[in-house]
Amino acid sequence: MTSATLKRPHGVITRGTTGINRLRRSDRWLVHDALVRRTLHASADPLVVDLGYGARPHTTFELADRLTAVRGDRRVVGLEIDPGRVVESRNGVSFARGGFELSGLRPVLVRAFNVLRQYPEDAVGPAWARMQSGLAPGGLIVDGTCDELGRRCAWVLLDATRPLSLTLAWDPFAVEKPSDIAERLPKALIHRNVPGEPVHALLAAADRAWATAAPHGSFGPRVRWRAALELLRAQGLPVQPQRRRLRDNILTVPWHLVAPGSGTN
């Protein structure tokens, strides 16, 4: 055990709410995102940390299972700051006590879902920096939030120096319009959904495109959303293209488009 693992974990104990298959949308995105796949493929040691998995490790095991499609030799470690939630290793997944310092590990991928949502906004930057300092070279972080059933999700992808993108993902049959995801924006953005902030402008643009694409609704909400994405691109928004048919409605944009305080777009 390293000296880093003996130190007190960095962070506070959160509610620990969890549920089976709650993070399925972000898991599907991770398995298919080109940058995440390249990062895992290029790693000599594909160590993945699931930070703050909650009262039960269901989603950690699900992440491990899904990532085998990318790297069959991936290693997954679940970290919890509450020692009472640390369970025995099984099914090729291990668990330990740890916080934003990542328990001294050097992962190539960190997933921290529904953790920072319970912190104040000014804690986000230091928490990101602490995790970034612990990444393996070329490593990535996913900081996200979702509702209790995993129907509305949002996350930020970061590398070791900066945020890269924002992704919104939702159940096509359970959400009426894109801006309904606002209540699940990551902590870095959830208080910024006000006029004059770029994330508010993005959500408003997505709602307008969704409304304009209404004639496609007879073919289902997924077809309608693909049409809405094309409208957003035609307006010059740098929306990440979808290279395959997805079961989720997804909107991914570069971070600079929604960075707090960067003005309207």
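From a predicted model like this one, the values you see are computed outputs, not experimental measurements.
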Q: Assess the pair Y53 and F61: is the distance between their ring centroids shorter than 6.0 Å?
A: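 No.
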
Q: Between R74 and L40, is there a side-chain heavy-atom distance shorter than 4.5 Å?
A: no

Q: Show your reasoning for whether salt bridge (Lys or Arg N to Asp or Glu O under 4.0 Å) applies to E62 and R22.
A: CA-CA 10 Å; E62 291 165 356; R22 186 183 183 190; over 6 Å; no

Q: Share the residues that join I20 in a hydrophobic cluster, the rule being Ile, Leu, Val, Met, Phe, Trp or Tyr side chains under 4.5 Å apart at the heavy-atom level.
A: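 Result for I20 is none, singleton.
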
Q: Can you tell me how far CG of L23 sits from CZ of R111, rounded to the nearest 0.5 angstrom?
A: 4.5 Å

Q: Table please: side-chain donor-acceptor pairs of residues 167-183 below 3.5 Å, with sequence neighbours left out.
A:
{"unit_1": "T167", "atom_1": "OG1", "unit_2": "T252", "atom_2": "OG1", "d": "2.8"}
{"unit_1": "D171", "atom_1": "OD1", "unit_2": "F173", "atom_2": "N", "d": "2.9"}
{"unit_1": "K177", "atom_1": "NZ", "unit_2": "D180", "atom_2": "OD1", "d": "2.9"}
{"unit_1": "S179", "atom_1": "OG", "unit_2": "D207", "atom_2": "OD1", "d": "3.4"}
{"unit_1": "S179", "atom_1": "OG", "unit_2": "D207", "atom_2": "OD2", "d": "2.5"}
{"unit_1": "D180", "atom_1": "OD2", "unit_2": "E176", "atom_2": "N", "d": "3.4"}
{"unit_1": "D180", "atom_1": "OD2", "unit_2": "K177", "atom_2": "N", "d": "3.3"}
{"unit_1": "E183", "atom_1": "OE2", "unit_2": "R152", "atom_2": "NH1", "d": "3.4"}

Q: To the nearest 0.5 Å, tell me how far L166 CG sits from L185 CG.
A: 7.0 Å

Q: Report yes or no: does T39 contribute a side-chain atom to a donor-acceptor pair with the main-chain N or O of L35 at less than 3.5 Å?
A: yes

Q: Compare all side-chain heavy atoms of R97 with those of R85 and state whether any distance is below 4.5 angstrom.
A: no

Q: Quick one: pull up CG in L229 and CZ in R224 and give me the separation to the nearest 0.5 Å.
A: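 Separation between the atoms: 12.5 Å.
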
Q: In plain terms, say whether D45 and R106 are close enough for a salt bridge, that is, a side-chain N and a carboxylate O under 4.0 Å apart.
A: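 Salt bridge between D45 and R106, a charged N being under 4.0 Å from a carboxylate O: no.
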
Q: Without swapping roles, check the side chain of W225 against the backbone of I250 for a donor-acceptor pair under 3.5 Å.
A: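 Side chain of W225 to backbone of I250: a pair is present.
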
Q: Mind checking the CD-CG spacing from E230 to L232? Nearest 0.5 Å is all I need.
A: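 E230 atom CD to L232 atom CG measures 9.5 Å (nearest 0.5 Å).
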
Q: Please confirm whether the backbone N or O of G150 pairs with a side-chain atom of R25, one donor and one acceptor, at under 3.5 Å?
A: yes

Q: Does D159 have any side-chain hydrogen bond (donor to acceptor under 3.5 Å, both in side chains) partners at least two apart in sequence or in another chain, and if so, which?
A: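 Expected list: T161.
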
Q: For the side chain of E101 and the backbone of R130, is there at least one donor-acceptor N/O pair under 3.5 Å apart?
A: no

Q: If you measure from CG on D27 to CG on D65, what distance do you get to the nearest 0.5 Å?
A: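 Rounded to the nearest 0.5 Å, the CG-CG separation comes to 9.5 Å.
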
Q: I'd like to know if R184 and E148 make a salt bridge, using a cut-off of under 4.0 Å between side-chain N and carboxylate O.
A: yes

Q: May I ask you to decide if N21's main-chain N or O and R24's side chain share a donor-acceptor pair within less than 3.5 Å?
A: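 Yes, because the side chain of R24 sits within donor-acceptor range (under 3.5 Å) of the backbone of N21.
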
Q: Could you tell me whether the side chain of R192 and the main chain of H200 form a donor-acceptor pair under 3.5 Å?
A: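 Not a single qualifying donor-acceptor pair exists.
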
